[in-house]
2 protein chains.
Amino acid sequence: MAPPPPRAVRTPPTSSDVARAAGVSRATVSYVLNNTKGGRVSEGTRTRVREAARQLGYVPHASARALRSGRSGIVLLTAPAVTVGQLFARAFSELQQALSDLGHTAVLYGPTRTRGAAAGRHWAELRPDAVLSLMDDSLDEDAVAVLHQAGVGVVLGLGPEPVAGAHALVTDEEQVGFCAASHLLATGRRNLGVIVPADSSLRGFAEPRLAGAERAVRAHGAGTVVRQDLALDEEAAPSWARQCVAAGVEGLFAYNDEYAALAVRALLDTGVRVPEDIAVVGADDLLIGRLLRPRLTTVRLDYMPSREIAELLDRLIGAPETPPESHDMLRARLVVRESA
Amino acid sequence: MAPPPPRAVRTPPTSSDVARAAGVSRATVSYVLNNTKGGRVSEGTRTRVREAARQLGYVPHASARALRSGRSGIVLLTAPAVTVGQLFARAFSELQQALSDLGHTAVLYGPTRTRGAAAGRHWAELRPDAVLSLMDDSLDEDAVAVLHQAGVGVVLGLGPEPVAGAHALVTDEEQVGFCAASHLLATGRRNLGVIVPADSSLRGFAEPRLAGAERAVRAHGAGTVVRQDLALDEEAAPSWARQCVAAGVEGLFAYNDEYAALAVRALLDTGVRVPEDIAVVGADDLLIGRLLRPRLTTVRLDYMPSREIAELLDRLIGAPETPPESHDMLRARLVVRESA
DNA sequence: TTGAAAGCGATACCAT
DNA sequence: ATGGTATCGCTTTCAA
């Protein structure tokens with residue numbers, strides 16, 4: 001039986017220790033362990049070094065490496081509290097994988113209490129090779145400036161609006177509202193309600209979706225849009241539903257399928273028929289939409305695959321001087337089911 | 001109008017630059033910027049230094065600091081692909097906040113392709129002050145050994161089982177199944193079905209919940225448990241429902257509310273009455289459970305608050321020699337609604 | 001094929 | 001009240 005593993009060790013082995021154990025210099029250790037091109041080191045030495053490293057349980061010190069080489073190898077992801085969840089979850093681990101396949105270390109830095117320049121300062125301390133902000137409105141022009149000033153070469157903002165000075169992956173949420181409202185209008189609904197989540201951290205998504213619905217009405221030349229604030233909360237729903245009926249709403253676009261589910265539930269409980277009296281469209285094609293009756297008509301979003309995002313980052317890290325560019329990263333598509 | 005922010009700068013300002021600009025030494029800069037106790041520096045100098053730092057857009061270099069001081073200030077969170085989502089989401093950002101309030105930098109390192117010692121090596125490269133693995137079975141005894149060997153003083157595993165050598169926050173999921181099944185048995189159901197998600201990454205949660213149900217049956221002295229594998233997928237549900245009826249199931253524990261929702265839906269569509277013919281209990285008290293009709297009876301979990309976890313980590317970081325201890329971190333509570 | 005040595009940026013002890 | 005300086009662990013010329 002092996003002895004119990006040591007508790008934390010006072011002085012972890014360094015490359016010098018490995019060098020000593022293998023009877024070579026630190027330089028050689030570095031060459032071997034990093035597989036430096038050129039095959040400058042003999043096969044025998046290589047094995048001796050590797051064996052010594054294994055024996056000692058040597059793990060290179062990322063900070064030291066970063067300090068010396070000038071590259072941390074880190075891609076910093078930032079996200080606001082709200083984002084973490086649902087679609088984001090999957091996207092994050094895919095991204096992580098994809099970046100790791102390209103030799104980068106993805107690290108998620110959650111919501112900071114600070115924003116703008118102050119947040120930028122926090123991020124910059126790690127000297128990442130790139131910063132990718134995911135729907136994080138903490139990233140503004142000042143933050144970008146701070147990052148650049150601190151030598152961070154690549155800043156990519158993924159969100160509804162490009163940020164000055166940074167590359168952008170634009171999520172044009174406005175399409176979603178446009179798509180949903182167009183469908184409602186096309187099926188004869190005029191008086192439209194649009195649910196806007198009370199949760200203010202969702203505003204960045206909600207406002208554009210609302211704006212898209214308004215654009216659809218303008219484009220259609222007839223109809224109205226009434227904004228309806230609603231909390232994702234069973235208590236708030238019944239009174240909302242009554243008010244909705246009173247307002248004479250004929251078609252409802254509910255921000256996403258979760259809000260749509262809550263809304264439909266409340267509407268049904270009030271005696272309204274869906275879709276006969278009020279047609280409802282959700283968004284994001286969540287599972288819940290297929291479980292409810294009537295099944296939710298929804299707007300599905302196709303995102304740019306994580307691998308492509310990772311490749312874009314990789315390319316930019318390789319050419320940090322590239323002037324900021326914008327790419328569209330999503331496309332909305334209506335999925336008609338039963339609720340509208 | 002200000003000039004456009006510079007694109008990435010070749011040589012970011014260092015503390016030497018600040019020192020030069022302020023006409024002091026690097027040592028003084030360090031004292032001022034870190035608010036080193038003792039008030040050893042005059043007020044005038046302090047302001048000059050701070051002003052210079054601001055002007056230059058100076059941001060300290062975390063790697064350099066870590067290298068010199070021996071503390072990275074980083075608490076590394078690790079999580080498997082699946083975890084990221086739902087409850088975890090909130091927990092993560094709360095933890096991040098709580099740790100940040102205590103002066104640590106929380107960083108999430110997503111799922112690695114590797115596990116065990118290899119994963120440990122990856123984590124150890126950053127020389128975090130602590131590693132907190134969240135439901136991540138990549139953390140095993142070997143990984144802990146690697147981390148210790150590399151000088152990482154604190155390793156805390158949050159999950160169903162303690163890991164040898166590491167501190168543990170035990171999530172006893174077994175309680176959930178026990179609690180659910182006990183309720184079903186108490187209401188006269190004998191022939192119990194337990195849904196186990198087909199998604200293998202959920203196994204770590206699912207198996208204990210199943211085991212808990214089995215224990216309840218043994219404790220009750222009567223009844224049977226039939227394991228039912230089900231994918232979270234509308235297609236798979238109908239045939240499952242028929243088979244469930246054929247098996248004569250009277251009470252169903254459905255892993256969580258999402259699976260319960262899917263199951264109830266399929267059962268109702270098959271003509272089964274819930275709860276009259278089959279009683280259903282979910283878990284996790286998700287929103288969807290309150291939206292469905294009948295409303296789902298569920299098992300709610302109370303987790304240890306993020307702040308307490310953060311405080312525990314903080315304490316351990318301050319006293320890395322503390323021998324590994326285990327804490328229970330959740331308590332299950334039945335919430336009776338309409339489905340059982 | 002290998003080694004010596006110069007830093008990367010910041011901290012903290014020891015002088016002054 | 002401030003400055004000089006050794007040092008953290010590693011990479012990378014330049015010599016040998």
Side-chain angles (χ1 to χ4, degrees), chain A residues 9-49 52-53 56-73 124-127 129 149-152, chain B residues 9-49 52-53 56-73 124-127 129 149-152:
Chain A
V9 98
R10 358 66 257 175
T11 23
T14 72
S15 76
S16 296
D17 297 322
V18 176
R20 199 169 315 117
V24 299
S25 75
R26 290 151 58 217
T28 305
V29 171
S30 177
Y31 290 143
V32 173
L33 264 30
N34 295 319
N35 264 313
T36 301
K37 296 306 167 200
R40 308 197 147 295
V41 183
S42 73
E43 204 42 60
T45 315
R46 301 184 96 87
T47 8
R48 268 185 12 256
V49 169
L56 293 171
Y58 170 71
V59 177
H61 193 305
S63 293
R65 186 209 298 278
L67 185 56
R68 178 59 236 223
S69 70
R71 326 217 82 205
S72 63
E125 290 194 359
L126 292 187
R127 296 292 194 278
D129 296 338
Q149 183 70 20
V152 177
Chain B
V9 98
R10 357 64 259 175
T11 23
T14 72
S15 77
S16 295
D17 296 321
V18 176
R20 199 169 315 117
V24 299
S25 75
R26 289 150 59 219
T28 305
V29 170
S30 177
Y31 290 143
V32 173
L33 265 30
N34 295 319
N35 264 313
T36 301
K37 298 305 168 201
R40 310 198 143 295
V41 182
S42 75
E43 204 42 60
T45 316
R46 301 184 97 86
T47 9
R48 272 190 4 261
V49 169
L56 293 171
Y58 169 72
V59 177
H61 193 304
S63 293
R65 187 209 297 278
L67 184 57
R68 176 59 238 226
S69 70
R71 325 218 85 204
S72 62
E125 291 195 358
L126 293 187
R127 294 292 192 280
D129 296 338
Q149 183 70 19
V152 177

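Chain naming here is simple, since letters A, B, ... match the order of the sequence lines and numbering starts at 1 in each.
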Going by number, which of residues 56-64 of chain B have a non-hydrogen atom under 4.0 Å from DNA chain C?
B:Tyr58, B:Pro60, B:His61, B:Ala64
Restricting to side-chain contact (heavy atoms from CB on, under 4.5 Å), what partner residues turn up for A:Arg26, sequence neighbours left out?
A:Ser15, A:Ser16, A:Ala19
Round to the nearest Å and state the distance from [X] atom [atom1] to [N] atom [atom2].
X	N	atom1	atom2	result
B:Tyr31	C:dC13	OH	C1'	7 Å
A:Asp17	D:dC10	CG	C1'	13 Å
A:Leu67	D:dT12	CG	P	12 Å
A:Arg46	C:dT1	CZ	P	10 Å
A:Asn34	D:dT13	CG	P	13 Å

Residue met sooner reading DNA chain D from 5', once B:Glu43 and A:Thr14 are mapped to nucleotides
B:Glu43
Side-chain-base donor-acceptor pair under 3.5 Å for B:Arg68 and D:dT7
yes
Indicate the atoms forming the closest heavy-atom contact of [X] with [Y], along with that distance.
X	Y	answer
B:Val49	B:Val29	CG1-CA, 4.1 Å
B:Arg46	B:Asn35	NH2-OD1, 3.7 Å
A:Pro13	A:Asp17	CA-OD2, 3.2 Å
A:Pro12	B:Gly151	CG-CA, 3.7 Å

Determine all donor-acceptor pairs shorter than 3.5 Å in which one atom belongs to a side chain in residues 65-73 of chain B; sequence neighbours excluded.
residue, atom, partner, partner atom, Å
B:Arg65, NH1, B:Asn34, OD1, 3.4
B:Ser69, OG, B:Arg65, O, 2.8
B:Ser69, OG, B:Arg71, N, 3.3
B:Ser69, OG, B:Arg71, O, 3.3
B:Ser72, OG, B:Ile74, N, 3.2
B:Ser72, OG, B:Arg127, O, 2.7

Are A:Thr14 and A:Arg20 close enough that some pair of their side-chain heavy atoms sits under 4.5 Å apart?
no
Think [X] has a side-chain N or O under 4.0 angstrom from the OP1 or OP2 of [N]?
X	N	answer
B:Thr36	C:dA12	no
B:Ser42	D:dT2	yes
B:Thr45	D:dT2	yes

Here the gap from A:Ser25 atom OG to A:Tyr31 atom OH, rounded to the nearest 0.5 Å, amounts to 8.0 Å
Near DNA chain D, counting only heavy atoms under 4.0 Å, which residues of residues 19-30 of chain A show up?
A:Arg26, A:Ala27, A:Ser30
Estimated bend of the helix from C:dT1-D:dA16 to C:dT16-D:dA1 (axis per five terminal pairs, rounded to 10 degrees)
40°
Could you give the side-chain donor-acceptor pairs of residues 57-64 of chain A under 3.5 Å, partners two or more places apart or in another chain?
residue, atom, partner, partner atom, Å
A:His61, ND1, A:Ser63, N, 3.3
A:His61, ND1, A:Ala64, N, 3.4

